[in-house]
Amino acid sequence: MTSRVLASLLTAATITACTPAPPERQFLDDALSALGGRGRVEAVRTLTIEGEGVNYNLGQDLQPEAATQTFAITDYRRVIDVANSRQRVEQTRTPRFAYFQGPQPQRQVQALDGAVAFNVNAQGQAARLGALSERDRHHDFYHHPLTLLRAALHPQAAVANVRAVGTARQADITTPAGPVLTLSIDAAGVPLSISSKAYHPNLGDVIVTTQFGTMQDVGGLRLPARFTGKVDEFTTWEITATRQAADEDVGDLAAPATLAAAPAPPAPTVTAEPIGPGLWFMAGQSHHSVLVEFSDHLMLIEAPQSEARTLAVIARAKETVPNKPLTQLVISHHHFDHTAGLRAAIAEGMRVITHAGNREWVERMANRPHTLQPDTLAKNASHLAVEAVEGEREIRDAAMAMTLFHVAGNPHSDTMLMAYFPRHRVLVEVDAYSPGGAYHPYAPNLLENIAKRTLAVDRIVPLHGGIVPFADLVTAASAPAQR
Ligand SMILES: [Zn+2]
């Protein structure tokens with residue numbers, strides 16, 4: 001609404017007392033009133049929410065769309081210093097599934113001071129988040145009706161685009177600090193949800209939403225006690241408050257004065273270590289790939305970690321074998337950390353080979369919009385070709401022989417492939433066994449899969465950790481700590 005329209009409406013209001021308020025004003029008034037009134041919302045200094053709930057395992061579950069693996073959340077405590085835009089969330093996260101880091105509970109501390117986001121580790125050391133995560137957490141601060149409406153009352157805030165969506169009303173609120181959030185309220189003004197746009201390296205443009213339920217009295221306010229977090233249609237967390245309080249002393253939530261900006265991720269380093277004829281270990285940092293040379297083309301196993309890493313691996317592959325086209329990409333499994341370079345490989349024109357259970361998901365990832373931060377594929381649209389493998393697939397020519405096998409029944413992923421090279425007596429696998437780790441919950445299943453196929457394996461080439469003799473896998477699979 002322009003200021004002229006607003007001015008004429010205000011003039012009209014002085015003439016006719018029953019002229020309705022402009023929709024933006026009405027929206028804000030209704031939302032404030034449902035929360036306990038403008039006066040109480042303006043006066044509140046702090047909010048404490050204690051509770052328990054669940055975190056889901058988006059992008060790391062057994063199947064691409066599954067939500068079967070959860071972490072129990074206990075001792076949850078979110079404290080908000082409303083006036084200073086500071087927040088601290090502490091929680092204990094305990095896996096309810098065979099987690100690669102082990103079954104023990106993990107304490108997490110996630111904090112925000114203005115636009116500065118940081119985590120605090122078990123030793124009490126604070127570390128600032130990278131730019132993308134920092135922005136997400138800054139948005140997250142406003143995913144509560146109290147913080148958002150408080151921001152909406154600021155003279156530099158704007159409320160716009162009031163519209164009806166079914167029986168709900170929505171408006172876009174631009175906070176003085178920058179983030180734009182969409183608030184949904186019901187006919188009485190009770191908050192239903194808050195959402196905002198975010199960029200996810202795998203999913204591209206996403207809508208992050210927090211839904212609210214079970215309103216309760218909290219020191220003169222009416223606030224939600226049920227929170228459900230979503231990324232697009234995927235539920236990512238749920239919290240139910242067991243105790244809430246307004247205006248308690250929450251301590252000093254300021255970021256440590258010495259907190260430096262998070263360093264940019266290190267430039268990818270990629271080695272090309274020969275494993276045997278026509279086979280190279282494209283290692284470096286935490287996530288590796290393997291380059292395979294056929295008579296007339298090259299294949300890459302895995303496009304992990306980030307677009308930057310995958311582009312560096314592709315460049316190194318072309319340097320390593322300059323005269324053959326790189327035309328195929330094998331994806332071991334769908335997990336986000338192992339497919340963050342999928343779109344970059346598709347943009348390179350590579351054909352994707354993956355387990356049949358990942359086919360639809362690969363197609364979805366290739367077609368999702370990435371407009372907020374256009375990646376290589378968004379800038380270079382490319383035709384997608386996917387080959388699905390069910391139980392096994394032999395790929396062989398005069399120069400190379402390999403077979404892809406489904407790693408059946410593995411508790412890490414239902415849709416995982418391993419690659420066997422019979423002439424090299426080498427098995428390439430990922431996550432089923434990561435040498436150097438303390439805990440190997442999936443190694444017994446990997447060993448079963450190797451035995452079932454009677455594969456003759458001398459060396460394991462893992463895409464985390466270094467190449468090891470087969471005996472190391474046998475030891476890991478039989479160690480009492482692995483379960
Ligand atoms: Zn994984």
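Atom set for the values below is all heavy atoms of this structure, side chains included, hydrogens, waters and symmetry mates excluded. Indexing begins at 1, ligand by ligand and atom by atom, following the structure's order.
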Practice task
Rounded to the nearest 10 degrees, what's the angle NE2 of His412 makes with NE2 of His333 at the Zn ion (ligand 1)? Could you check?
Solution key: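 It rounds to 110°.
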Does the side chain of [X] reach to within under 4.5 Å of the side chain of [Y], using non-hydrogen atoms?
X: Phe97; Y: Asp61; result: no
X: Met282; Y: Arg316; result: yes
X: His287; Y: His464; result: yes

Practice task
Write the atom name of the N, O or S atom in Asp431 that is nearest the Zn ion (ligand 1).
Solution key: OD2
Problem - Atom name, His335 (N, O or S, nearest to the Zn ion (ligand 1)) - result: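 Nearest N/O/S atom: ND1.
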Practice task
Flag the pair Glu293 and Lys324 as a salt bridge only when some basic side-chain nitrogen lies within less than 4.0 angstrom of an acidic carboxylate oxygen.
Solution key: yes
